[in-house]
Structures are given as structure tokens and as C-alpha cells.
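Have a look at the structure below before the remarks.
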2 protein chains.
Amino acid sequence: MNEPRERRRSTGRITLADVARTAGVSPITVSRALRGERAVDPELVARVQAAVQALGYVPDPAARALASRHGSHVAVLIPLLSNALFVDLLEAVQREMRPAGYQTLIGITHYDENEEEQLLREQLMHRPAGLIVTGFDRNAAAHALIDRSGVPCVHVMETSPQPGVHCVGFSQADAGAALTRHLIARGRRRIAFAAAQLDPRTLQRLQGWQQALQAAGLQAPELACLDPAPSSLALGGRMFEQILAAHPDVDAIFFCNDDLAQGALLAALRLGVAVPGRVAVAGFNDLTGSDQMLPALTTVRTPRAAIGTHAARMLLALIRGTPPAGGCIDLGYELVVRASS
Amino acid sequence: MNEPRERRRSTGRITLADVARTAGVSPITVSRALRGERAVDPELVARVQAAVQALGYVPDPAARALASRHGSHVAVLIPLLSNALFVDLLEAVQREMRPAGYQTLIGITHYDENEEEQLLREQLMHRPAGLIVTGFDRNAAAHALIDRSGVPCVHVMETSPQPGVHCVGFSQADAGAALTRHLIARGRRRIAFAAAQLDPRTLQRLQGWQQALQAAGLQAPELACLDPAPSSLALGGRMFEQILAAHPDVDAIFFCNDDLAQGALLAALRLGVAVPGRVAVAGFNDLTGSDQMLPALTTVRTPRAAIGTHAARMLLALIRGTPPAGGCIDLGYELVVRASS
DNA sequence: CTGAAAGCGCTTACAG
DNA sequence: CTGAAAGCGCTTACAG
């Protein structure tokens, strides 16, 4: 009898084959039982599970990915982590994905087209099971990468009427218009719009502001204060000063993000400008701290956690091949009127 | 002659074997040339690279992971993403890791021992090349998982004299003591410490506060205001009110995190309490907005970005098997004195 | 400095 | 409902 040849590279790891042996079934049956795929005799499933328990078997994701040609993770591309908006979104996505057995890989684009394209390339080479991206604006190469990859993709934060795309979000333009109409209803007539970063969603809010003013016969293009620099409290404070200096008749300012508006409120305190007496101030997103400001900040509450949850569920459905209910979900927004307007 | 048997499961993907064929070398030489491993004839390397370019070859991480028994990613465990501290840390880690070819997988523990253990289990089953964890406090099972995994691990945010462990951070206790001494030097005598969350690092700052007071003969255990709830602006405001109500003689409050202190400053404005006239206020971490507050907030600047950078480099060295310079790096902290104290 | 062979631990596709 | 065979695309360990 031949001596059994020694295995050359054994890792000592407990494998699916070990489970199969102790359960007295074939490896493929173990594989199917574990993934809940197709029908497997309940009794065999029980035996497999017992063996898994007894041996402490843990599947190897790399082997699984190699054999099945896609990983057990999803990639999420967001612009920043320093905006609490995206942190809330991410946490919600992870909360759905982890129990479903998917890891979440985060890519931060810094609002940069080229970084996003590069990131997409890297992520896609890891063969994610699914993809979540922010909005619809990206360069042609990035679009092509997504399309050609065949990886299911959900777009978040915006909505689109385009058929075939999957998205979860709300109308940024409508939300911007609604906030502007609120200011008009409060009797404001010279309403400025102050924005930083100038990403697509900010510009959509800008459009909403324009439309609402136009509808009321109050249009004032000179009151759009646009700065491509990153959003921050300090910048908001500076914008507040500049706008009041340049346009003393302004009686309301709509900031495209709460951090700018918070900075403006702080600057108003510093400068002794009465809010809302002299000028009303409003923000967007209802970030943490806005309800604590003095005066408390009027803003638009955006459903980012719900967006994350729904986007994850939609992606899971796409991954499983069960078509999700509807291609595009509009989760709306909520006007939060506080003392600053 | 036999008909060449058709390949059964070809994916159409360009593989290392394809590159080898067009470069006219063996697959293993391609593998070595691409990874820059050992010596390979420069001319062959050039031929391989040309073939890679021509074919648009992209290595498959799953196959690589399966063959080499560890992934091309590192896992990072942090408590929260809603504290800007950890966002800065993460961004710095990613900035080092991506160019080195490693993806960063983020796990959020929510300051929960069991969640951390579970997360560790999941992450480790994905065989990361390296691991970064926050601090040293975790349950025995989590410790054992890290040790037994054999995965190189760097601890961040704290320092430890223990030999054999790798860490990058600073002394939280020293920083807490330094801030307290500053308040004492400013003539404050009844100095309260207000903390939320009560995670290990917060409690280390508490110790620093105690030591500094004791050294000055000012100890006042009744002035430690500890709340296990998550840190927030609103909670800081409430704590501010409570402390002044319960201890009217308090003349300074040291909040364990800037968000609490910012909330306190806002509450002071609301209540008409003079800061620093009636009571000095200080925070910790120098988070965004602290310099914009009214008055601007005295705090301790913590080097989280530098911690991320150094931790990533240390981990890279451990992964490559080159022992890093020193097991533990203390990056210190910086007192930032502003108008609130 | 280079290579032929074997293997990493799973799943797919084909049968029955 | 179950299985034997082949293969996913790399790297390790052994030679030379």
C-alpha cells in the first residue's frame, strides 16, 4: 500500500470538504445547504449544520468569490465623510447589508470626477456583488465602467425619470423651491441663495430657488452667491457678511447646507445682526446642531437614512435577481420651520 | 487529431496566463514581475508590462487572495463615524493604503463590546492583510481573535508601555491633565468635568482631570458629571445647565468632547450666562466649528490625521515583514487656548 | 534568475 | 433531490 502523500500546502483551515466528510454528504450538498440554494433534503441540511457547528467551519470568501465570480461585498461611492449626511446614509446601508451577508466597501470621491473614475475602476476590479453611487453626474468613462461591468447599481440622493435606472432619493429642486416659497410666504422679498462646493445637488437646489422666485416675480440673479470652496461654518460666516455688505436690502438668505447656515448664525451673533428681524436665515439637510442654534435654524430635513435603507434593499433585490418594486423611489423631504425665518 | 475541447466556464476575462503567453514567459514570471517580488530580468519585466498594457490586464484579487491566503485589504475598526475625529483618522489611513494597493474595510463598533467582537469575527474571516483597531479595551474573546488570527494589528488613539503591541496615539490622561492645569493657571478653582459616552479614552481624560486637580489641592469628585448617553450638542447644553444649577460655585467646565462644549456655549448664550466671565468652558479634540463659536472654544487639538498616517505606515511595514521603527508612537497633543477660558 | 506542477477552497454546469 | 468532475485565476514550494 502506498503511503498517503503528504499535502503540500495545507493551511490547517477547516474546509467545506471537512464538513462534507463529517456530515457524510458530498461537498456540493454542503455548499447548497449553506447557501439555502435550491431544495436540499431537510435532514441533510440538519446534518450539515451540525457538522458546521461541531467543526467551527467558516466559509472562505476568497474561494467563494473566485468560484462564483463575484464577491460578497457591495461598493458604495460617496463624495465625503465629513458631511454628516453621508455618514447617516452609510450607516443605514450597512445596517441592511451586514445581516444579508454583504460587507460594505466605501469609496470617497471628494467630489472629484477623476477620483470617482479611478475609484470605480478599483472597486469594480474587486467584482462587488452590487454598487451604490451618489447621483447621476459623472464622466463618460465612469458611466461606461458601470454599464459594462454588469454589476447591479443603485443611484442615491436624486431622482430620475429615466427608465432602466434604479434610484432612491428626492427632488433636490423641489425641496429648494419649497424652502424658498416658505420664505416668500413669510413676507421676504429679497432672498439670496448662498452655496458652496457647487456639486450637482447644490445646483439643483439653486434651480429650485430660481423657479420659486420667478413664480413670485421676485427673481434676482445677482443674489446667487456661489463659491466652489468646500462647505464649512467659517465660509458660511464669511458669505453672510459679504452678502449683507453687497446687498443691504437682502431680507433672507437660503444656504445650501446647514453648516453654512450655522456659521452665518454665529456670525450674526458676533456682528450683532438680528435674525430673523433684520434677515431670515435658512439651511438645508437638518444636520446635528441646527436645532440648538440661536435662533434655531429653519431647514429642510432630508431622509438620508431612509434613502440608505431603501437603496440597500433595492440593491439586494437586484443582486438576487428579483426585480425591485419600481425603478425609482422618491422619499420626499420635510420643511422644518424654526425661529430663524 | 483531437478537436480542442471547449473550455467550460470561460469568463472572457484576461488572465495572467494570457499575459504570459503574449509576453513569451511563464505565468510565474508574470506574477513575480507584477508584484516586484525578488529579482526578475529587467527585460522580461518590460515585456510583461508591455503585454499588460496591450491586453488591459487587471489582476483578480479573489484569486490572489485564495492562493496567497490573505486579501489585499486592511480592516479598520472604529467606534463611530459621527464623530469627525474618526472620519479624519480614516481618511488619513485610506490616503496611505490606497497607493500601496490596499483597500480599507471599515467596521463601526458603536462603542459596543459585542458588536466589536462580532465585527472582528466577520472581518477576520475575510483574511485581511492587516488590522487597525481603536484603543486597547475589548473583551477577552476579541483579544483572542486578534492574537490567534496572526494578522498584523496596530492600535490607535492611545499609547501603551506594553512591549510587543503596536500603537500610535497620545496620552489621553496627559492631555486631560494639561487642559485642567491651564484652567487652574487661569485662576479657576471649582473646575467641573463633564463627559458623555464614557468610553475608555473619555475615562482616561477624567483621570487626567482628577490628577491635575489633586496636584493643585483642588480635587472635587462631586464635580464629575458623567452621562453614558452619546455625545451631542443638545446633551452638552443640558449638562451645562445642570452643573450650574447643582453647583453654583463652579467657575470652569471641561467637556470631554467639543460637541458637548459647543452645546454648552450655545446654552450659555440662550441663558445669558457670561463665558468666560461667569464660567470658563473648554472642550477636547478641536472639532470643526469650535473656532467659530461665540466665544471661540478653548480645546485640545488631537493629531488624528497624523495618527492615521503613521498607523497605516506602521501596518504596511508589519505586513511586509520589515519591523517598524519602535512599537509605539506618541504623537502628543496641542493645547489651543481661545476666548472661552 | 526562471519554470512545471500542484494546490488554495469553493461553485458551475452537466448528469442522473 | 444529489453527486463526480472540472475549473475559477492566481501563488507557493520545490527544482534547476
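Throughout, a chain's letter reflects where its sequence line sits, starting with A, and its residues are numbered from 1.
- B:Q49 and B:Q53 share no donor-acceptor pair across their side chains, judged by distance under 3.5 Å alone.
- The side chain of B:R64 contributes an N or O atom lying less than 4.0 Å from OP1 or OP2 of D:dT11.
- Taking atom CZ of residue B:R32 and atom C1' of nucleotide D:dC10, one finds them 13 Å apart after rounding to whole Å.
- Remark: A:S31 is in phosphate contact with C:dT11, judged by side-chain N or O atoms under 4.0 Å from OP1 or OP2.
- Listed nucleotides D:dC10, C:dT12, D:dA13 differ in distance to A:I28; the shortest reach to its side chain belongs to C:dT12.
- One can place CZ of B:R127 at 19 Å from P of D:dC10, the figure rounded to the nearest angstrom.
- Contact between the side-chain N/O atoms of B:R35 and the OP1/OP2 oxygens of D:dT11 is found at a separation under 4.0 Å.
- B:I329 CD1 to B:T159 OG1: the interatomic distance, rounded to the nearest 0.5 Å, is 11.5 Å.
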Practice prompt. Begin with the C-alpha distance, continue with both residues' side-chain angles, and end with the deciding distance and a verdict on salt bridge (charged side-chain N to carboxylate O under 4.0 Å, His left out) for A:R13 and A:D18.
Written response: CA-CA 9 Å; A:R13 188 186 179 101; A:D18 296 323; over 6 Å; no

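- The CZ atom of B:R138 sits 7.0 Å away from the CG atom of B:L120 when rounded to the nearest 0.5 Å.
- Along DNA chain C, the nucleotide nearest to B:A63 and the one nearest to B:T29 differ in position, and the one closer to the 5' end is contacted by B:T29.
- The structure places CG of B:L145 at 6.0 Å from CD of B:E117, a figure rounded to the nearest 0.5 Å.
- The side chain of B:L16 has D:dC10 as its nearest neighbour among D:dC10, D:dT2, C:dT11.
- Regarding contacts with the backbone of C:dT2, every side-chain N or O of B:S26 stays at 4.0 angstrom or more from both OP1 and OP2.
- Contacts between residues 52-62 of chain A and DNA chain C, counted as heavy-atom distances below 4.0 Å, involve A:Y57, A:V58, A:P59, A:D60.
- Counting only heavy atoms from C-beta on, A:L66 has its side chain closest to C:dG9 among C:dG9, D:dT11, D:dG3.
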Worksheet item: Could you spell out the base pairing of DNA chain C in dot-bracket, with Watson-Crick or G-U pairs whose two distances are under 3.5 Å, [ ] crossing and | to another strand?
Response: |||.||||||||.|||

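- Among the nucleotides C:dC10, D:dT2, C:dT11, the one closest to the side chain of A:S68 is C:dT11.
- What separates CG of B:L34 from C1' of D:dT12 is a distance of 17 Å, to the nearest Å.
- Distance check, rounded to the nearest 0.5 Å: CG of A:L77 to CD1 of A:I132 gives 10.5 Å.
- Side-chain atoms of A:R313 and A:T309 form no donor-acceptor pair, as typed in the model, at a separation below 3.5 Å.
- Checked by atom type, the side-chain pair A:E91/B:H110 shows a donor-acceptor distance below 3.5 Å.
- We find that CZ of A:R13 is positioned 10 Å from C1' of C:dC8, with the value rounded to whole Å.
- For B:R69 and D:dT12, the CZ to P distance is 7 Å, given to the nearest whole Å.
- Atom NE2 of A:H70 is separated from atom P of C:dT11 by 10 Å (rounded to the nearest Å).
- A straight line from CG of A:L44 to C1' of D:dC1 spans 9 Å, rounded to a whole angstrom.
- Between B:H155 and B:F136, the gap from one ring centroid to the other is short of 6.0 Å.
- Screening A:C167, A:P200, A:C328 for a side chain to side chain contact (heavy atoms under 4.5 Å, CB included) with A:E158, the sole residue that qualifies is A:P200.
- One atom, CE of A:M125, and another, P of D:dG9, lie 14 Å apart when rounded to the nearest Å.
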